[in-house]
Structures are given as C-alpha cells and as structure tokens.
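Each remark here refers to the structure printed beneath this line.
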Amino acid sequence: MSKKFLTIALSAALGLTATAVQAQTLDDVKARGHVLCGVTEGVPGFSNPDQNNNWVGLEVDYCRALGAAVFDDPDAVRYVPLTSAARFESLGNGNVDVLSRTTTWTMTRDTDLGLSFVGTMFYDGQGFVVRNADGITSAAELDGAAVCVESGTTTELNLADYAAANGLEIDTVVFVTRSEVVQAYLDGRCDAYTTDSSAIAAERTEFPDPSAHTILPEIISKEPLGPVVRAGDPQWFNIARWTYFALLNAEELGVTQANVDDMLGSENPEIRRLLGVEGDFGGPIGLTADWAYRIIKHIGNYGEAYDRHVGPSTPLALARGLNALWTDGGIQYAPPIR
C-alpha cells in the first residue's frame with residue numbers, strides 16, 4: 001500500500017511540476033518582447049501579407065489584440081507561417097505562443113493533442129468551388145470527380161463522410177500546402193477544390209479570372225474556427241480567451257476604436273468594467289487594469305475587425321450570418337466581465 005501511495009504522490013508531484021513549467025508563457029512573452037503568432041501561409045482576409053509584406057487579416061488582428069493587451073503595442077507580434085500539417089506540432093513544441101490560422105475546433109484536437117481552443121472567431125463550413133465551364137451546379141453532381149484537398153485538415157474526413165452519405169465516388173487528390181492545392185485546381189488537375197467556404201471565397205479573389213469559378217451552394221460541415229494555445233497554462237489561456245471576449249463585449253456595448261476614450265466617462269457599469277475604470281479584471285491574469293481599453297484603442301471591436309477584413313465592403317464580401325452578435329440574429333456571444 002505504501003508503494004501505491006508513493007506512486008500516486010509522485011505522479012501528482014510530477015503533474016504539478018509539469019504545470020508549473022508550462023505555466024510561464026506570459027513571462028516568456030514579456031521577456032522576449034513580443035507574441036509569437038502562428039498564421040496561415042496566406043489566406044486573404046484572415047492572415048495574409050499585404051503588398052508591403054505586413055501581415056493583415058481578421059486572425060492577424062486577434063494576434064495584434066494580444067500584443068495590445070500585454071504590451072500596449074499591437075505591433076509587438078511576430079508572425080510564423082505554418083502549414084496545416086505542421087501547426088499543432090509547432091505550437092506544442094513552443095515555437096509559437098498561439099495559433100490564429102483558420103483552425104477547426106474538434107473533439108480530438110481539443111482532448112488528444114495537449115491543446116486548448118480559445119473560442120470560435122469565425123463560424124464556417126466546408127464548401128466546394130468549380131469551374132463554370134464544367135457545368136456543375138451542385139455537390140451532388142461530383143460523382144466520379146477529382147477533388148483537391150489539403151492534408152492535415154478536417155477537409156479530407158468531411159469529404160469522405162459526404163461522399164459516403166450521398167453515394168458518390170470521389171477521387172481525393174491530396175497536397176501538403178494550401179498553395180499547392182489551389183494551383184493544382186487552377187491547372188486543371190482536379191474538377192473541384194474543397195475547404196472552408198470562407199477560404200474559398202478568399203482564394204477566389206486571387207484567381208486569374210474569379211468570375212469563371214462558382215462556389216457551390218452546399219455546406220457539408222460545421223467548421224468553428226478559432227485561436228489555439230497549449231494546454232497546461234491557465235494564465236495564458238485566460239489572457240487568450242478574454243482577449244477574444246473583450247472584442248465581442250466591446251461590440252455589444254457599442255465601444256469602438258473611435259469612441260473608446262469618450263466611453264471612459266460612461267456611467268454604464270459594464271463599460272466601466274470593460275475599460276478598467278471600475279474594478280481590476282487584469283490583475284488576476286497578469287495584465288494591467290486597462291488591458292481591454294488597450295485592445296479596443298488599437299484594434300477596435302470584433303465587428304470593426306470583421307468589416308475591415310472580410311465584411312461586405314471587402315473583396316470577400318462575407319455577410320455576418322452566424323458571426324453576427326446574438327443580439328443581431330447571430331451566435332457570437334461573450335460572457336460578461338464582472
């Protein structure tokens with residue numbers, strides 16, 4: 001019995017030690033002077049280098065919000081482009097502090113990989129794009145078609161499930177990187193390309209002739225896309241999670257990049273807590289009391305970031321849909337700061 005209790009005690013001690021070792025991301029980030037953010041190899045509207053080689057996009061703005069929260073500087077971020085196949089290993093090995101790169105939240109990823117999903121930045125679903133010249137108007141017409149997919153994604157399994165459920169024979173053509181998949185489709189090596197519908201909309205904007213390609217109406221999966229951090233560091237997880245929640249709460253409360261300074265004088269207790277005027281909700285997670293004010297001052301709220309990068313006035317022209325606030329018919333919803 002004594003050996004059994006010794007083993008249990010030793011295991012518990014090792015667990016505590018492992019947690020203590022891992023629970024230092026914020027210290028590492030501060031010592032380094034910037035956040036290391038894993039991003040895509042380039043998806044317009046989400047994470048993509050602009051013509052000046054600066055990373056921009058909805059997911060990039062989330063990383064910039066972390067930089068603002070920790071350093072009061074949205075530029076205190078370094079971006080690490082990662083393939084889908086390499087992203088989880090890179091995060092697990094500590095090569096990046098956070099993944100913000102169109103990553104789908106699934107049970108296996110959440111429970112088997114030692115990772116924690118922060119939330120759903122973008123509710124999406126898998127779709128298909130085809131050439132108009134082929135006359136395909138529905139995914140149900142893809143029987144016998146060759147379909148390009150990217151390895152290391154949920155796309156392959158979703159496609160196999162859809163084909164099996166609908167009695168379709170589909171030739172899946174797999175490539176390692178997103179750019180290879182897109183180029184293979186453009187070169188005519190496959191009849192269709194499938195991935196998250198938002199990514200298809202983004203990539204189609206860069207096709208030689210976007211109007212020659214149609215996104216089919218079917219959405220064949222649920223793809224909740226969101227930031228991911230390593231498990232075992234509750235402080236960094238809370239910073240990452242509440243950075244996202246602050247963006248949502250700011251939009252719901254009508255706090256914008258333009259009016260945030262005026263809102264410091266608001267009598268609304270929810271706004272006062274959000275901006276750090278009343279109470280200290282930053283101290284318990286290692287941040288200053290005005291951490292959310294910093295985010296909104298530099299980035300704006302979730303709606304502003306959405307409209308700036310993927311909204312109706314952008315080339316992607318994505319309506320808010322499910323990504324509207326719960327008060328506007330969507331399902332974006334953040335717990336209150338109190």
Next on the checklist: Applying side chain to side chain donor-acceptor pair (under 3.5 Å) to Thr256 and Asn259, what does each step give before you reach the verdict?
Outcome noted: CA-CA 5 Å; Thr256 68; Asn259 71 17; 3.3 Å; yes
Item to check | Between Thr194 and Gln126: side-chain donor-acceptor atoms closer than 3.5 Å | outcome: yes
Next on the checklist: Quick one, Thr103 and Phe88 - any side-chain contact, counting heavy atoms below 4.5 Å?
Outcome noted: yes
Checklist entry - Can you list the steps and then say if Asn238 with Arg241 is a side chain to side chain donor-acceptor pair (under 3.5 Å)? => result CA-CA 5 Å; Asn238 280 324; Arg241 178 169 58 179; 2.9 Å; yes
Next on the checklist: Please identify which of these residues, Thr155, Thr106, Thr154, meets the side chain to side chain donor-acceptor pair (under 3.5 Å) condition with Glu223.
Outcome noted: Thr154
Checklist entry - Hey, is the main chain of Val147 close enough, under 3.5 Å, to the side chain of Asp171 for a donor-acceptor pair? => result no
Item to check | Verdict with supporting geometry, Ser198 and Asp124, side chain to side chain donor-acceptor pair (under 3.5 Å) | outcome: CA-CA 7 Å; Ser198 63; Asp124 207 350; 2.4 Å; yes
Next on the checklist: Any donor-acceptor pair under 3.5 Å linking the side-chain atoms of Asn268 with those of Ser266?
Outcome noted: no
Checklist entry - Do Ile299 and Pro74 touch side chain to side chain, with heavy atoms closer than 4.5 Å? => result yes
Next on the checklist: Please check: side-chain N/O of Arg230 versus main-chain N/O of Val96, any donor-acceptor pairing under 3.5 Å?
Outcome noted: yes
Checklist entry - Hey, does the side chain of Glu141 reach the backbone of Thr137 with a donor-acceptor pair shorter than 3.5 angstrom? => result yes
Next on the checklist: Just so I know, are the side chains of Leu316 and His309 near enough to count as touching, which here means a heavy-atom distance under 4.5 Å?
Outcome noted: no
Next on the checklist: With a 4.5 Å cut-off on side-chain heavy-atom distances among I, L, V, M, F, W and Y, is there a chain of contacts connecting Ile295 to Leu275?
Outcome noted: yes
Next on the checklist: If hydrophobic clusters are built from ILVMFWY residues whose side chains come within less than 4.5 Å, do Val118 and Val70 share one?
Outcome noted: yes
Item to check | Asp191 (side chain) donor-acceptor with Ala146 (main chain) under 3.5 angstrom | outcome: yes
Checklist entry - Considering only heavy atoms from C-beta outward, does the side chain of Ser138 approach that of Glu218 to under 4.5 Å? => result yes
Next on the checklist: Looking at every heavy atom in both Thr243 and Leu66, which two are closest together, and how far apart are they?
Outcome noted: OG1-CD2, 3.5 Å
Checklist entry - How about Arg109 and Thr104: do any of their side-chain heavy atoms sit closer than 4.5 Å? => result yes
Next on the checklist: Taking the basic N atoms (NZ, or NE/NH1/NH2) and the acidic carboxylate oxygens, is any pair closer than 4.0 Å for Asp61 and Arg64?
Outcome noted: yes
Checklist entry - Is a side-chain donor-acceptor pair under 3.5 Å present for Asp73 with His298? => result no
Item to check | Expected output: side-chain Thr83 to main-chain Ala86 donor-acceptor under 3.5 Å | outcome: yes
Checklist entry - Between Ile136 and Phe128, is any pair of side-chain heavy atoms under 4.5 Å apart? => result no
Item to check | CA sep, side-chain torsions, deciding dist, call: Asp110, Trp105, side chain to side chain donor-acceptor pair (under 3.5 Å) | outcome: CA-CA 7 Å; Asp110 203 29; Trp105 189 348; 3.3 Å; yes
Next on the checklist: Looking at Leu264, is its backbone amide N or carbonyl O close enough to the side chain of Tyr293 to form a donor-acceptor pair, meaning the two atoms are under 3.5 Å apart?
Outcome noted: no
Next on the checklist: In the structure I gave you, are the side-chain heavy atoms of Leu26 and Ile239 within less than 4.5 Å of one another anywhere?
Outcome noted: yes
Checklist entry - Between Arg178 and Glu206, does at least one N-O distance fall below 4.0 Å, as a salt bridge requires? => result no
Next on the checklist: For residues Ile219 and Val130: do they belong to one hydrophobic cluster (side chain heavy atoms under 4.5 Å, members Ile, Leu, Val, Met, Phe, Trp, Tyr)?
Outcome noted: no
Checklist entry - Going by an N to O cut-off under 4.0 Å, is there a salt bridge joining Asp97 and Arg32? => result yes
Checklist entry - Do Thr177 and Ser179 meet the criterion of a side-chain donor-acceptor pair at a distance under 3.5 Å? => result yes
Checklist entry - Just by distance, do the side chain of Asn48 and the backbone of Gly57 share a donor-acceptor pair under 3.5 Å? => result no
Item to check | Whichever hydrophobic residues join Tyr123 through chains of side-chain contacts under 4.5 Å | outcome: Leu322, Ile331
Item to check | same_hphob_cluster(Val260, Leu247) at 4.5 Å side-chain heavy-atom cutoff | outcome: yes
Next on the checklist: Do Val255 and Ile296 make a side-chain contact, defined as non-hydrogen atoms from C-beta onward lying under 4.5 Å apart?
Outcome noted: yes
Checklist entry - What's in the same ILVMFWY side-chain cluster as Ile200, cut-off under 4.5 Å, chained through other members? => result Val129, Val173, Phe175, Val181, Val182, Tyr185, Leu186, Tyr193, Phe207, Ile215
Checklist entry - Of the options Leu318, Thr102, Asp196, which is the one that meets Phe122 in a side chain to side chain contact (heavy atoms under 4.5 Å, CB included)? => result Leu318
Item to check | Donor-acceptor contact present, side-chain Arg338 to main-chain Glu270, <3.5 Å | outcome: no
Checklist entry - What's the shortest heavy-atom distance between Arg101 and Arg87, and which atoms? => result NH1-NH1, 3.2 Å
Checklist entry - Any idea how Tyr302 and Tyr306 line up, ring-wise: parallel (<30°), tilted (30 to 60°), or perpendicular (>60°)? => result tilted
Item to check | Interatomic distance, Leu113 atom CG to Leu91 atom CG [nearest 0.5 angstrom] | outcome: 9.5 Å
Next on the checklist: To check you understand the geometry: which heavy-atom pair defines the closest contact between Thr205 and Pro315, and what is its length?
Outcome noted: CG2-O, 3.7 Å
Checklist entry - Does Tyr244 share a hydrophobic cluster with Phe46, counting links as ILVMFWY side-chain heavy atoms below 4.5 Å and allowing steps through other members? => result yes
Checklist entry - So, the side chain of Arg320 versus the backbone of Asn323: is there a donor-acceptor pair under 3.5 Å, distance only? => result yes
Next on the checklist: Quick check against the 3.5 Å criterion: does Asp328 have a side-chain atom that pairs as donor or acceptor with the backbone of Ala324?
Outcome noted: no
Checklist entry - At what distance, to the nearest 0.5 angstrom, does CD1 of Ile285 lie from CH2 of Trp236? => result 10.0 Å
Item to check | For the student: nearest non-hydrogen atoms of Leu287 and Ala69, plus distance | outcome: CD2-O, 3.8 Å
Checklist entry - What's the verdict on salt bridge (Lys or Arg N to Asp or Glu O under 4.0 Å) for Lys30 and Asp27, showing C-alpha distance, side-chain angles and the deciding distance? => result CA-CA 5 Å; Lys30 287 182 174 180; Asp27 291 340; 5.8 Å; no
